[in-house]
K.L.:
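Mind looking over this structure? Questions follow.
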Amino acid sequence: MPFDEVLAAYDPALGLEVHVELNTASKMFCGCPAVFGGEPNAGTCPTCLGLPGAMPVVNGKAVESAIRIGLALNCDIAEWCRFARKNYFYPDMPKNFQTSQYDEPICFDGYMDVDVDGETFRVEIERAHMEEDTGKSLHVGGATGRIHGADYSLVDYNRAGIPLIEIVTRPILGAGEKAPEVAKAYVSQLRELIVALGVSEARMDQGNLRADVNLSLSPKGSGVLGTRTETKNVNSFRSVERAVRFEMQRHAAILSSGGSILQETRHWHEDTGITTSGREKSDAEDYRYFPEPDLVPVAPSRAWVDELRGTLPENPTVQRARLQAEWGFSDMEMRDTLGAGALGLVIETIAEGAAPQAARKWWLGELARRSNEDGVDLVDLPITPADVARIQALVDDKTVNDKLARQVFEGVLAGEGTPDEVVAARGLAVVSDDGALGAAVDNAIAANPDVADKIRDGKVAAAGALIGAVMKEMRGQADAGRVRELILEKLS
Ligand SMILES: [Zn+2]
């Protein structure tokens with residue numbers, strides 16, 4: 001169903017659950033390294049393998065990170081809370097329960113103000129709680145990598161027990177046509193906050209930050225929430241936006257033809273841009289939660305919470321206003337930077353030495369174009385803020401011009417190395433050496449005697465044609481200013 005028809009008949013209600021994998025040195029309840037990857041199952045011990053008799057101990061750094069995330073999201077911090085066992089069987093969860101928090105989350109009742117096209121939406125945070133990640137199954141032999149059709153499965157428990165914070169919003173109402181953008185902006189600005197806090201690498205493409213998107217529609221103006229679906233593990237900002245848009249259109253098509261929405265989880269397919277049915281899910285799903293008997297309650301002192309409040313990064317709204325003034329960006333430039341999810345990247349690029357307008361120009365120009373073409377978020381492009389700052393430095397010191405800089409970007413994105421390596425390997429440096437330039441200028445004069453005569457007669461404007469000829473001969477790699485000087489010297 002066309003998007004505007006969806007909006008004419010229905011109001012969307014959004015909900016977002018974001019899992020953040022913390023960057024603590026050790027796991028949530030044991031001393032194993034909190035590093036995913038490496039030799040499978042090398043980073044495990046009796047506790048994270050769930051062996052009988054093994055006793056968990058809470059990671060203090062993870063509690064600290066949870067509290068700092070909660071404070072940054074304007075949450076209340078529980079004076080006393082417990083962990084709970086969420087019981088279910090899954091092969092990648094060796095204990096057959098996940099140690100999580102249930103009715104006593106450590107952080108609750110917060111909000112985050114999200115900017116979309118210069119408009120502010122307040123997203124209310126219901127809770128942020130601590131839990132542990134599961135291991136990872138590898139299904140071998142099938143065509144899809146899923147369990148269906150696989151010959152056998154392998155399980156790697158290195159990830160089992162890595163600390164997670166799950167951040168859950170209240171239903172986001174009233175976003176209307178902007179619902180897809182609000183969802184994207186929320187996840188993007190939440191990521192920037194997490195990065196500023198330094199508590200996670202927060203790479204969506206690496207699974208450090210994973211978003212589940214809940215969506216329901218209610219008949220326009222009725223205020224009655226419809227049945228919701230939950231699209232799991234959407235792994236980029238763009239996909240969050242696309243998944244919301246797709247589900248709004250899918251729900252509306254079903255509802256308007258008299259059908260009803262099945263309450264279920266759904267899988268997002270990046271390649272085709274659609275969701276497909278996962279498993280049916282009822283609100284009454286019974287995980288037999290009960291308080292974790294092997295862990296003492298967490299009771300952060302008020303003094304500690306206040307101390308952590310003092311370590312928070314600047315409030316994002318205040319920070320944006322300050323940066324806009326410092327950088328001299330117009331409202332439009334600032335809005336576009338935020339909208340592109342480029343604020344953090346621009347900040348880092350400036351910190352690496354680039355001028356603000358140059359940092360903005362590359363991320364919102366050349367690189368935004370590339371991210372659109374490739375269908376990936378800016379942060380997931382294989383180029384760093386340091387690379388961008390270096391390329392701008394090469395422009396500033398006239399090693400390359402703007403046009404050649406675009407080829408340097410192309411080379412870095414293609415994995416050809418650092419900007420300097422690309423310039424060397426592709427031979428992109430601008431030539432300003434008088435010997436090489438002088439020869440090319442002589443050739444251009446010889447090939448265009450009539451133009452040369454005009455310049456001799458004082459028609460300096462004609463020099464452009466000769467500069468063009470020199471640039472052509474030197475494949476765009478001549479210092480145009482120096483070429484002009486040489487032409488005028490030779491013809492004066
Ligand atoms: Zn362990």
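Whatever order the structure lists them in is the order used to number ligands and atoms, beginning at 1.
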K.L.:
Return the set of residues passing salt bridge (Lys or Arg N to Asp or Glu O under 4.0 Å) with E124 (not counting sequence neighbours), or none when no residue passes.
P.N.:
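Expected list: R170.
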
K.L.:
Under the salt bridge (Lys or Arg N to Asp or Glu O under 4.0 Å) rule, collect the residues that match up with D92, sequence neighbours excluded.
P.N.:
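Expected list: none.
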
K.L.:
Give every protein N, O or S atom lying under 2.8 Å from the Zn ion (ligand 1), naming each by residue and atom.
P.N.:
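Protein N/O/S atoms under 2.8 Å of the Zn ion (ligand 1): C30 SG, C32 SG, C45 SG, C48 SG.
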
K.L.:
For F83, run the ring-ring contact (aromatic ring centres under 6.0 Å, His included) check against F29, Y289, Y102 and tell me which one passes.
P.N.:
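Filter result, single survivor: F29.
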
K.L.:
For S277, give me all partners under side chain to side chain donor-acceptor pair (under 3.5 Å), at least two apart in sequence or on another chain.
P.N.:
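In terms of side chain to side chain donor-acceptor pair (under 3.5 Å), with neighbours along the sequence ignored, S277 is linked to E264.
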
K.L.:
Do the side chains of R335 and E333 get close enough for a salt bridge, i.e. N-O under 4.0 angstrom?
P.N.:
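Not counted as a salt bridge, because no side-chain N and carboxylate O are separated by less than 4.0 Å.
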
K.L.:
Thinking salt bridges, do R322 and E314 make one under a 4.0 Å N-O criterion?
P.N.:
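Here R322 pairs with E314 in a salt bridge, since their nearest N and O are under 4.0 Å apart.
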
